[in-house]
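Letters go in sequence order (proteins before strands), and every chain restarts at 1.
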Amino acid sequence: MIAQVIVEVPVNRTNRPFDYAVPEWLEPMVAIGSRVVVPFGPRKLQGYVINLYDAEESGTQEGAPSLLKLKEIEQVQDDVPPLTLELIQLAEWMSRQYLCTWVSALQVMLPAVLKGKTKKWLSATEQLLAGPPQQPGLLQELYWRRIEFEEAEKQFPQEIKQVPGWVKAGLVSFDYQVTDKITRKQISQVTLLLSDEELVQVLPTIPERSRRARQLLLLLQETREPMPLSDVLTETGMARSTLKGLEQKGWIRIEQVEVFRDPYANRTFAKGVKHPFTTWQQLAYTAIEAAINGGEHAAFLLHGVTGSGKTEVYMEAIERTLDLGREAIFLVPEISLTPQMVKRFKERFGDRVAVLHSALSQGERYDEWRKIVHGHVQVAVGARSAIFAPFKNLGLVIIDEEHESSYKQEETPRYHARDVAMQRMKNNNGVLILGSATPALETYALATRGRYRLLTMSERVGKRPLPTVHVVDMRDELRQENRSMFSRSLFSLIEDRLAKQEQIVLFLNRRGFSTFVMCRSCGYTLSCPHCDISLTYHKTNHTSRCHYCGYTVAQPQHCPECQSPHIRFFGTGTQKVEAELAQLFPGIRVIRMDVDTTSRKGAHEELLDRFRTGQGDVLLGTQMIAKGLDFPKVTLVGVIAADTSLHLPDFRAAEKTFQLLTQVGGRAGRHELKGDVVIQTYTPEHFSIQHATHHDYLSFYEEEMRHRRQAGYPPYFRLVLITFSHEDVPTVIRAADLMAQYLKPRLAETTRLLGPVASPIARIKDRFRFQLMLKYRDEPKLADLLAQATAQAQEWQKQHGVLMTIDVDPQVLL
DNA sequence: AGCACGCCGACT
DNA sequence: GTCGGCGTGCTC
């Protein structure tokens with residue numbers, strides 16, 4: 001048998017399968033999707049079996065050496081292959097779609113601990129062992145032990161140059177070892193070895209004073225299951241030595257077994273209660289259910305206003321899918337994978353769910369993922385990369401808040417989970433549901449063209465009204481001499497809610513959570529000496545750090561520019577808001593969520609819990625409080641400054657603002673109490689603010705689409721961003737220029753090629769960045785053309801060190 | 001990406 | 001004359 005293997009060398013030259021013979025003794029272990037160790041040139045590498053074929057029938061595949069010259073697979077790494085044929089083919093599709101190597105697409109599908117690492121060792125040969133070296137040094141060291149090459153380089157920098165000579169002389173040899181980072185957790189467990197009859201005989205022989213032993217035996221008999229040793233000790237209060245005694249009598253067995261780390265081990269989940277559907281929910285669900293039952297591919301856009309009960313529809317669809325013996329994936333944006341959401345799924349589906357999110361340790365993540373591979377669960381809930389859950393009969397994928405930008409991966413492979421989901425569901429004849437109150441323009445446009453079936457839910461559960469939105473023109477406030485950050489109407493509404501003991505959410509529309517250091521005398525900002533970007537202040541150790549290269553400096557006491565001592569960090573402004581609240585409303589209880597208060601692990605959840613249980617009047621925060629939160633007593637939402645995201649140099653700025661205002665407004669009045677939303681702005685006339693005020697997605701959509709058409713942006717045009725980087729400007733410009741000249745004559749008439757221009761972040765890690773932008777409507781040969789470009793760029797990289805990256809459908813143009 | 005092989009400058 | 005610089009080419 002011959003295996004085709006993709007090796008873990010993520011470059012173009014090796015981006016193809018290599019053929020290996022499968023030795024007979026490994027044949028039962030090797031399958032399509034196996035992770036294997038293979039010799040590759042002089043070294044050993046990890047690889048993935050993508051195909052198996054019979055040598056007798058077909059000889060070796062085209063391009064491979066003859067049968068006799070094939071090397072053999074050396075090892076199989078897992079007892080169950082981590083990949084399915086479907087995922088292997090999906091990875092191939094990704095490599096074409098996103099211009100990445102096949103292996104990098106395969107790797108992104110797997111938990112990080114499975115990635116291979118090759119270690120290079122130096123060891124003595126028989127010849128050296130026969131004649132021990134007299135001089136102290138590397139050779140003598142090697143006589144006693146083998147040494148990792150990297151260590152030898154550090155410890156014997158002088159002698160390392162002689163190693164090739166020693167190899168030739170037959171004194172030492174290299175060997176290579178492939179390892180991964182898998183760790184498996186083990187616990188001791190106690191098993192009863194006695195049958196019921198034997199137990200009856202044994203019990204009377206136990207003396208009265210050993211009632212704990214008796215208790216244990218009965219306990220084990222009752223459950224008929226092995227029990228973790230730690231539980232035994234806490235529940236019976238037995239001493240370890242007593243337990244050993246029972247083992248010696250042959251009544252019980254104590255053994256080490258492997259367990260899956262379970263992040264939710266200490267939690268119990270009540271069985272969830274189903275609420276009856278509203279008419280809107282029922283209509284949507286009926287259409288989805290029909291598609292699920294039909295077993296054909298279908299894709300839906302579920303456009304439901306905030307609070308319309310989309311989650312209930314999702315749950316029902318998942319349940320239906322499981323009933324038919326198929327599996328389901330539920331994707332959420334990273335930040336809304338909250339304990340609340342996990343709880344909801346655990347309550348409904350119990351231990352049939354695996355939860356994959358970034359807060360897990362690598363080991364926990366691996367264990368959750370293994371539940372899927374081993375078929376222990378049928379539902380996967382997680383962020384972006386959970387789209388690759390290795391189910392064998394995947395019937396349903398749901399993407400909640402599908403407009404969220406976190407579904408796009410910003411490193412290679414630069415995939416969009418929405419597109420990958422579509423591809424998987426086409427291949428599996430499955431159903432895709434995209435859900436949002438504010439769909440991405442691209443998505444809605446495809447829905448209007450029939451690529452997604454549009455399902456609308458325009459009413460909240462219980463016919464609760466959408467909150468009343470008040471837009472406040474902050475310029476008026478200034479004219480009225482109100483220089484506070486709270487408008488008069490927001491002020492009086494806060495007063496009102498405090499009196500009624502209802503809760504308030506205040507939202508500061510700032511991008512991300514970053515804070516920077518600026519001199520108040522001369523305006524100098526601390527920036528990275530290697531990247532054109534300002535440093536981010538970290539309160540915990542009073543340092544400023546560069547997000548891109550990790551450069552760190554201590555907080556200066558004086559401005560490096562003008563020596564002024566008035567240099568300080570500017571935060572997201574939440575502290576300032578908090579201070580003013582305290583001043584205006586004495587005794588107000590504010591729960592602040594920002595970088596400072598949520599950096600500790602678990603702090604996020606803790607703060608939300610405090611708010612939920614009424615230990616705060618106001619929840620004050622940035623982006624992170626915009627979505628998913630559902631607190632019954634919140635009846636007022638205030639947006640302090642709605643404009644801040646409006647003036648970003650991004651063609652999606654209006655869309656982002658509309659989405660944010662709609663989402664944050666959706667937090668108010670979700671239950672019995674009616675809600676109000678106050679939006680403070682300096683541009684109340686802007687259409688994204690106006691339409692958000694009226695909860696009018698469609699009008700926003702139409703107006704924004706006109707702008708996109710005019711400016712030639714998605715969804716009318718598709719984009720490809722090509723970025724070049726190099727240490728010096730002339731070289732990088734020359735490369736970008738050459739590429740532009742190569743592409744231009746090969747592109748369709750209607751395609752626009754912009755650039756080269758400097759990237760918005762013109763330098764990262766001391767490398768200058770220039771970019772080209774392709775805007776196109778119909779370019780059937782684009783994938784091939786870009787593949788050619790990639791091959792060319794590979795040469796430039798080797799010869800001149802110019803790096804090129806291609807981002808298909810970029811989300812951020814940085 | 002590594003690694004080996006191979007062809008030209010500064011040292012014994 | 002050799003050691004070692006990194007250009008070139010290959011990896012089943």
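- Within 4.0 Å of A:Tyr176, counting heavy atoms only, lie sugar-phosphate atoms of the nucleic acid but no base atom.
- Sorted by first and then second residue, the salt bridge (charged side-chain N to carboxylate O under 4.0 Å, His left out) pairs involving residues 120-141 of chain A (not counting sequence neighbours) are A:Glu141-A:Arg145.
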Under 3.5 Å, which protein N or O atoms sit close to an N or O of nucleotides 7-11 of chain C? Give each pair with its distance.
unit_1: C:dT11; atom_1: O3'; unit_2: A:Gly41; atom_2: N; d: 2.9

Can you list, pair by pair, the side-chain donor-acceptor contacts under 3.5 Å of residues 381-389 of chain A, counting residues two or more places apart and other chains?
unit_1: A:Arg384; atom_1: NE; unit_2: A:Gln409; atom_2: OE1; d: 3.3
unit_1: A:Arg384; atom_1: NH1; unit_2: A:Ser406; atom_2: O; d: 2.8
unit_1: A:Arg384; atom_1: NH1; unit_2: A:Lys408; atom_2: O; d: 3.3
unit_1: A:Arg384; atom_1: NH2; unit_2: A:Gln409; atom_2: OE1; d: 3.3
unit_1: A:Ser385; atom_1: OG; unit_2: A:Arg365; atom_2: NH2; d: 2.8

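- Not a single salt bridge (charged side-chain N to carboxylate O under 4.0 Å, His left out) links A:Glu411 to another residue, sequence neighbours left out.
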Side-chain donor-acceptor pairs under 3.5 Å in residues 736-743 of chain A, sequence neighbours left out?
none

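- Closest-nucleotide positions on DNA chain B for A:Gln797 and A:Lys168 were compared, and the one nearer the 5' end corresponds to A:Gln797.
- Not counting sequence neighbours, the partners of A:Ser725 by the side-chain contact (heavy atoms from CB on, under 4.5 Å) test are A:Arg767, A:Arg769, A:Leu803.
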Self-check item: Candidate pair A:Asn428 and A:Glu86, rule side-chain hydrogen bond (donor to acceptor under 3.5 Å, both in side chains), full reasoning
Solution: CA-CA 8 Å; A:Asn428 284 282; A:Glu86 188 233 342; 2.7 Å; yes
Considering only nitrogen or oxygen atoms on both sides, find all protein atoms under 3.5 Å from nucleotides 1-3 of chain C and state each distance.
none

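- A:Arg418 places a side-chain N or O within donor-acceptor distance of the main-chain N or O of A:Glu402, the cut-off being under 3.5 Å.
- Aromatic ring pairs are classed by plane angle as parallel below 30°, tilted from 30° to 60° and perpendicular above 60°; the pair A:Trp796 and A:Phe724 is tilted.
- Between A:Phe174 and A:Tyr176, the two ring planes are tilted [angle within 30° to 60°].
- Cation-pi geometry between A:Arg752 and A:Tyr776 is not satisfied (NZ or CZ under 6.0 Å from the ring centre, within 45° of the ring normal).
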Exercise. Heavy atoms under 4.0 Å is the rule here; annotate nucleotides 7-12 of chain B 5' to 3' with B where the base is hit, S where only the sugar-phosphate is, and - elsewhere.
Key: ------
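- Residue pairs satisfying the salt bridge (charged side-chain N to carboxylate O under 4.0 Å, His left out) criterion with at least one member in residues 39-49 of chain A, sequence neighbours excluded, are listed as follows: A:Lys44-A:Glu74.
- Of the residues in residues 4-12 of chain A, A:Val9, A:Val11 come within less than 4.0 Å of DNA chain B through at least one heavy atom, sorted by number.
- For the salt bridge (charged side-chain N to carboxylate O under 4.0 Å, His left out) criterion with A:Asp809, the lone passing option out of A:Lys775, A:Arg718, A:Arg414 is A:Arg718.
- Listed by chain and number, the residues in a salt bridge (charged side-chain N to carboxylate O under 4.0 Å, His left out) with A:Asp784 amount to none (sequence neighbours excluded).
- Taking every heavy atom of residues 93-111 of chain A and every atom of DNA chain C, no pair lies under 4.0 Å.
- Contact check on A:Glu258 versus A:Arg184 returns a salt bridge, with a Lys/Arg side-chain nitrogen under 4.0 Å from an Asp/Glu carboxylate oxygen.
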